[in-house]
Number of protein chains: 2
Amino acid sequence: MPRTRGRAPTGGRADALSREIIVDAAIALLDELGERGLTFRLLAKQLNTGPGALYWHVTNKDELVALAADQVLGDALAAAPHSEEGAGTALRALAIAVFDALDRHPWAASHVDAPATLANALRLLDRIGTLVERTGLPAERHFEVATAISYYITGVSAQIIAPCTTVGASTSRDAFLAQTAERWEELDPADYPFLTRTTADLRSHNDRDQFTTGLDLLLDGLNTIADPRPPA
Amino acid sequence: MPRTRGRAPTGGRADALSREIIVDAAIALLDELGERGLTFRLLAKQLNTGPGALYWHVTNKDELVALAADQVLGDALAAAPHSEEGAGTALRALAIAVFDALDRHPWAASHVDAPATLANALRLLDRIGTLVERTGLPAERHFEVATAISYYITGVSAQIIAPCTTVGASTSRDAFLAQTAERWEELDPADYPFLTRTTADLRSHNDRDQFTTGLDLLLDGLNTIADPRPPA
DNA sequence: ACCTGAACACCGTTCAAGT
DNA sequence: ACCTGAACACCGTTCAAGT
């Protein structure tokens, strides 16, 4: 990793490259064009260089996208209020901050792997774990519960957000939902009894509420275990 | 979609192509080489044709991979026991069947998008919804709870299974876990208090249990709502 | 140390031509 | 209707050469 920070610290040309400049530009392109639209040639042109120059700062495209996704996640962690009253409330706020960040950068959703490569994914898991320890859960369950929550946050966010990426940045979410709702209506009620009965909910549903519904279900389950059956 | 079913029904050459033959071969290659390893040229060679021939049966690579993922999901649905005693038990069995199928075909995990394109993803959601209706939950919550469970199943499975895909089919999961555990141990306890305390759990953990832990948390939360606080 | 840009290997996709 | 295979456009990556 080159030690460049900010712009041209030691006095090189004003537009000298650096890892963060490249990653920032990559994020902008990813937001606009999606993962397939990000090209080393295009990125190089934006930065007034040749493709080869980028490889001095970044190993390959995989690493570049990983760095970009990591930064998105890092921004989310920074935005999430760090200490809060109850552990449950804090977990909820943290989860929503991550969801919102991924919602703004849909391409990143499929790249935040829970207990793995991204530095900020580790930070996320650690913060979740620290909060779980505060719930009064028996210590031997801390790990499994913390990872379950972490998996839920990143995994379900990705599921909810990914469809937009697939269609390309072109189609809006509303259009996409309307379109799927139409497909649901054409289904045979004999084969899809539930879905055909439920089209209205699909149309009116909200992604963010969707996310929090499951999250609350999960946290409710956690409470059931933490302090089993408090008096009514 | 050509009407070919099985092998050469009307009497063409014995090795005539068909959508399902192509998809089957694609699945085999995906299992062996991952999504990047699947190439139209390579696939064509396996089937003794040129790349162009495949395009008569399949629109493009995206569709091919989607068809392959859909088949994996379809197999999982067929394997899951269709009717079971309690709704909770049936939901659990269904979820595990999907997890196991994706575990056998890791590349498919990132392609099962919950309320969306794949035909069998719709079937999955419908089966979940039908089971949710049996839980005694108020009707206006059926949709959100069903989708929450659906999102959990596909999203968390993807999270748990995806890391293997990233590394390539080369590294085994055990090696991967051991490697991450080592990284955790090198972390600064001041920055990562929880993780450094928890390395042992990571080493001994089991992916499938991980999946069911969160699932049970979710279903527990569901029970809390379905029949709130039954007498102790 | 850092950048340039041509070149290599490879891939998805198309299409005129065949049967 | 279905297959063939050459060709096109494009991409990730490398590398000898520059400053």
Side-chain angles (χ1 to χ4, degrees), chain A residues 1-23 25-26 29-30 32-69 107 111 166-168, chain B residues 1-23 25-26 29-30 32-69 107 111 166-168:
Chain A
M1 166 147 50
R3 25 84 243 172
T4 341
R5 275 228 162 257
R7 270 124 237 281
T10 47
R13 24 185 294 213
D15 58 338
L17 286 179
S18 74
R19 228 177 148 102
E20 36 269 307
I21 288 178
I22 292 175
V23 170
L29 284 179
L30 286 163
E32 193 186 354
L33 303 170
E35 190 162 346
R36 279 183 192 172
L38 174 66
T39 287
F40 271 71
R41 280 168 234 266
L42 179 59
L43 181 58
K45 198 187 294 181
Q46 300 265 333
L47 296 168
N48 294 312
T49 25
L54 306 175
Y55 282 89
W56 200 89
H57 300 272
V58 150
T59 307
N60 52 32
K61 188 176 178 180
D62 285 339
E63 192 195 54
L64 176 58
V65 176
L67 286 169
W107 51 268
H111 290 276
T166 310
V167 190
Chain B
M1 162 147 54
R3 25 84 246 173
T4 341
R5 274 229 163 255
R7 271 122 236 280
T10 47
R13 22 183 294 213
D15 59 337
L17 286 178
S18 75
R19 229 178 148 102
E20 35 270 306
I21 288 177
I22 293 175
V23 171
L29 284 179
L30 286 163
E32 193 185 355
L33 303 170
E35 190 162 344
R36 280 185 191 170
L38 174 65
T39 287
F40 271 70
R41 281 169 234 267
L42 179 58
L43 181 56
K45 198 188 293 180
Q46 301 265 333
L47 296 169
N48 295 312
T49 24
L54 305 176
Y55 282 89
W56 201 90
H57 300 271
V58 149
T59 307
N60 53 32
K61 187 176 179 181
D62 284 338
E63 192 195 52
L64 177 57
V65 176
L67 287 169
W107 51 269
H111 290 276
T166 310
V167 188

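Letters A, B, ... are given to chains in the order of the sequence lines, protein chains preceding strands, and every chain is numbered from 1.
Residue B:L38 is in sugar-phosphate contact alone, with no base atom involved, counting any heavy-atom pair closer than 4.0 Å across all strands shown. Within the nucleic acid shown, A:L42 has no heavy atom closer than 4.0 Å to any nucleic acid atom.
The pairing partner recorded for D:dC2 is C:dG18, the criterion being a Watson-Crick or G-U wobble arrangement whose two distances lie under 3.5 angstrom. Nucleotide C:dC8 forms a pair with D:dG12, judged by Watson-Crick or G-U wobble geometry with both contacts under 3.5 Å.
Whole-Å rounding puts the B:W56 CH2 to C:dA16 P distance at 18 Å. A:R36 places its CZ atom 12 Å from the P atom of D:dG12, with the value rounded to the nearest Å. One can place NZ of B:K45 at 14 Å from C1' of C:dC11, the figure rounded to the nearest angstrom. Note: CZ (B:F40) to C1' (D:dG5) measures 16 Å, nearest angstrom. Going from atom CG of B:L64 over to atom C1' of C:dC11 covers 14 Å, rounded to whole Å. In this structure, CD1 of B:I22 is placed 11 Å from C1' of D:dC3, rounded to the nearest angstrom. Here D:dC11 presents its P atom at 11 Å from CG of A:L33, a figure rounded to the nearest Å. Rounded to an integer number of Å, the gap from B:R41 CZ to C:dG12 C1' is 7 Å.
Remark: A:H57 NE2 to A:L47 CG distance equals 9.5 Å, nearest 0.5 Å.
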- Task: Could you please spell out the steps behind the side-chain contact (heavy atoms from CB on, under 4.5 Å) verdict for A:F40 and A:L64?
- Result: CA-CA 10 Å; A:F40 271 71; A:L64 176 58; 4.2 Å; yes
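At least one side-chain nitrogen or oxygen of A:H57 sits closer than 4.0 Å to the OP1 or OP2 atom of C:dC3.
When distances run from any side-chain atom of B:P51 to the nucleotides D:dG12, D:dG5, D:dC3, the shortest one goes to D:dG5. Distance from the side chain of A:Y55 is smallest for D:dT14 among the nucleotides D:dC3, C:dG12, D:dT14.
Map B:N60 and A:G52 each onto its nearest nucleotide of DNA chain C; the residue landing nearer the 5' end is A:G52. In terms of position on DNA chain D, the residue among A:K61 and B:A53 whose nearest nucleotide sits closer to the 5' end is B:A53.
The pair B:E63-B:R19 counts as a salt bridge, with a side-chain nitrogen and a carboxylate oxygen less than 4.0 angstrom apart.
Nearest heavy atoms, A:W107 versus A:A68: CH2-CB, 3.6 Å. Nearest approach of A:L17 to A:A53, heavy atoms of both residues: CD1-CB, 3.9 Å.
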